[in-house]
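The block underneath contains the structure these notes are about, expressed in structure tokens.
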There are 2 protein chains.
Amino acid sequence: MIIVINMPRKTPPHKKVCDCQGSRRSRRREAILDVLSSGEGHLSAEQVHKAAQKRMPGIGIATVYRALKCLCGCGKVLEFIPSDGVARYEPGGDKPHHDHLICTACGCFTEAVDPEIERLQARLAAKHGYAISGHRLEIYGLCPCCAKKK
Amino acid sequence: MIIVINMPRKTPPHKKVCDCQGSRRSRRREAILDVLSSGEGHLSAEQVHKAAQKRMPGIGIATVYRALKCLCGCGKVLEFIPSDGVARYEPGGDKPHHDHLICTACGCFTEAVDPEIERLQARLAAKHGYAISGHRLEIYGLCPCCAKKK
DNA sequence: GGCATATTGATAACTATTATCATTATGTCA
DNA sequence: TGACATAATGATAATAGTTATCAATATGCC
């Protein structure tokens, strides 16, 4: 299974914030996971924050970032960073790997996967002597809805 | 030909800084282009700045950013933004499209392309009703050099 | 050479994200 | 149940990368 890997940010956390094992139960972290599990996914941290505030008024943005990092660490949430450099989050866990189609007009995300592409990527990596550990594929264009409008 | 497209940043420039037509000649802009043309490519703005200072002492970082934006606008330079969110620049123009293999250990970039993958991406986009305008593919793993060390 | 204006450098501002730190909540153990 | 160790939290400062602002300078044209 291919995992999407993000390059390390400039200032990585010094220690694991949460391994979701020795952690205590936290109602806010649960609320944040619930936002992603029940929502449409592909939310930025700010959007997650807004949605979480409806369930848990007063929740701080720092808590959201910490919770997302924690939830990513144990696989319950997936983070991916498109070319605007702003991290997006989606529920992980049972969800299979997929790539993203991104609409250049409305900014919406569509999930898609092509096993053939996955296979060829591995081949391309091998051809260059790379031991592949992950990949990131984004396809840009007009979504059907926006294409119709033009 | 497929062009790599970056999502718009949060604070896009209000106007085109330079269309490389009505522009005046600028020795610094030329120096910056020269850095990329003669160097290894895949440089961050900061790295370009450092290299440019050797040729043009006192050149400011703002000038580097402006010049890069200008040079990207007219195709002489290509910008791509990997998952650390930090823009990298490489000479454009005559260079054909390519994807990137990125080493998770040393951070080096390798250029690669597979026509088959390109074709399948177009097919995948079409399958989802997308009018494709570009894509971005990054493959992460250990480069041959780093793989050998382990 | 002089003029209109494009370009520049210093620096403030901005966005997304992480670190800090005092306060609060949680779980455990007596 | 109550006390205690410590994980989690919120406010906010700090950081990195990038863009905007603005006065000073450079460029091209007459």
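Reminder, nothing fancy here: chain letters follow the sequence lines and each chain counts from 1.
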If you restrict it to nitrogen or oxygen atoms, what contacts under 3.5 Å exist between nucleotides 9-12 of chain D and the protein, and what is each distance?
from	atom 1	to	atom 2	distance (Å)
dT9(D)	OP1	S26(A)	OG	2.3
dT9(D)	O3'	R28(A)	NH1	3.2
dG10(D)	OP1	R28(A)	NH1	2.8
dG10(D)	OP1	G58(A)	O	3.4
dG10(D)	OP2	G60(A)	N	3.0
dG10(D)	OP2	T63(A)	OG1	2.3
dG10(D)	N7	R66(A)	NH2	2.7
dG10(D)	O6	R66(A)	NH1	3.1

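- Distance CZ (R88(B)) to C1' (dA16(D)): 13 Å, rounded to an integer number of Å.
- Scored by the side-chain contact (heavy atoms from CB on, under 4.5 Å) test, A45(B) finds Y65(B), L68(B), Y89(B) as partners (sequence neighbours excluded).
- Atom-to-atom, CD of E79(A) to C1' of dT18(C) comes out at 13 Å; the value is rounded to the nearest Å.
- What separates CD1 of I32(A) from P of dA8(D) is a distance of 12 Å, to the nearest Å.
- Atom-to-atom, CG of D84(A) to C1' of dT19(D) comes out at 16 Å; the value is rounded to the nearest Å.
- L43(B) places its CG atom 14 Å from the P atom of dG17(D), with the value rounded to the nearest Å.
- Rounding to whole angstrom units, NE2 of residue H49(B) and P of dT19(D) are separated by 15 Å.
- Applying the side-chain contact (heavy atoms from CB on, under 4.5 Å) rule to C108(B) yields the partners Y130(A), C103(B), C106(B), C143(B); only residues at least two apart in sequence or on another chain are considered.
- Exactly one residue among R55(A), K76(A), K54(A) makes a salt bridge (Lys or Arg N to Asp or Glu O under 4.0 Å) with D34(A). That residue is R55(A).
- In terms of the side chain to side chain donor-acceptor pair (under 3.5 Å) criterion, residue partners of R119(A) (sequence neighbours excluded) are, by chain and number, E116(A).
- Ion pairing of D114(A) with K127(B) is absent here, as no side-chain N (NZ or NE/NH1/NH2) approaches a carboxylate O to less than 4.0 Å.
- Side-chain N/O atoms of Y65(A) include one lying less than 4.0 angstrom from OP1 or OP2 on dT17(C).
- Every residue meeting the side chain to side chain donor-acceptor pair (under 3.5 Å) condition with R88(B), not counting sequence neighbours, appears here in chain and number order: D84(B).
- Listed by chain and residue number, E90(A) satisfy the side-chain contact (heavy atoms from CB on, under 4.5 Å) test with L78(A) (two or more places apart in sequence, or in another chain).
- When the side-chain contact (heavy atoms from CB on, under 4.5 Å) test is applied to S37(A), the partners found at least two apart in sequence or on another chain are L33(A).
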Enumerate the protein-to-nucleotides 3-5 of chain D contacts in which both atoms are nitrogen or oxygen and the separation is below 3.5 Å.
none

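- Per the geometry, CD belonging to Q47(B) stands 11 Å off P belonging to dT18(D), to the nearest Å.
- Among residues at least two apart or in separate chains, ring pair (Phe, Tyr, Trp, His ring centres under 6.0 Å) pairs with a member in residues 28-62 of chain A are H42(A)-H100(A), H42(A)-F109(A).
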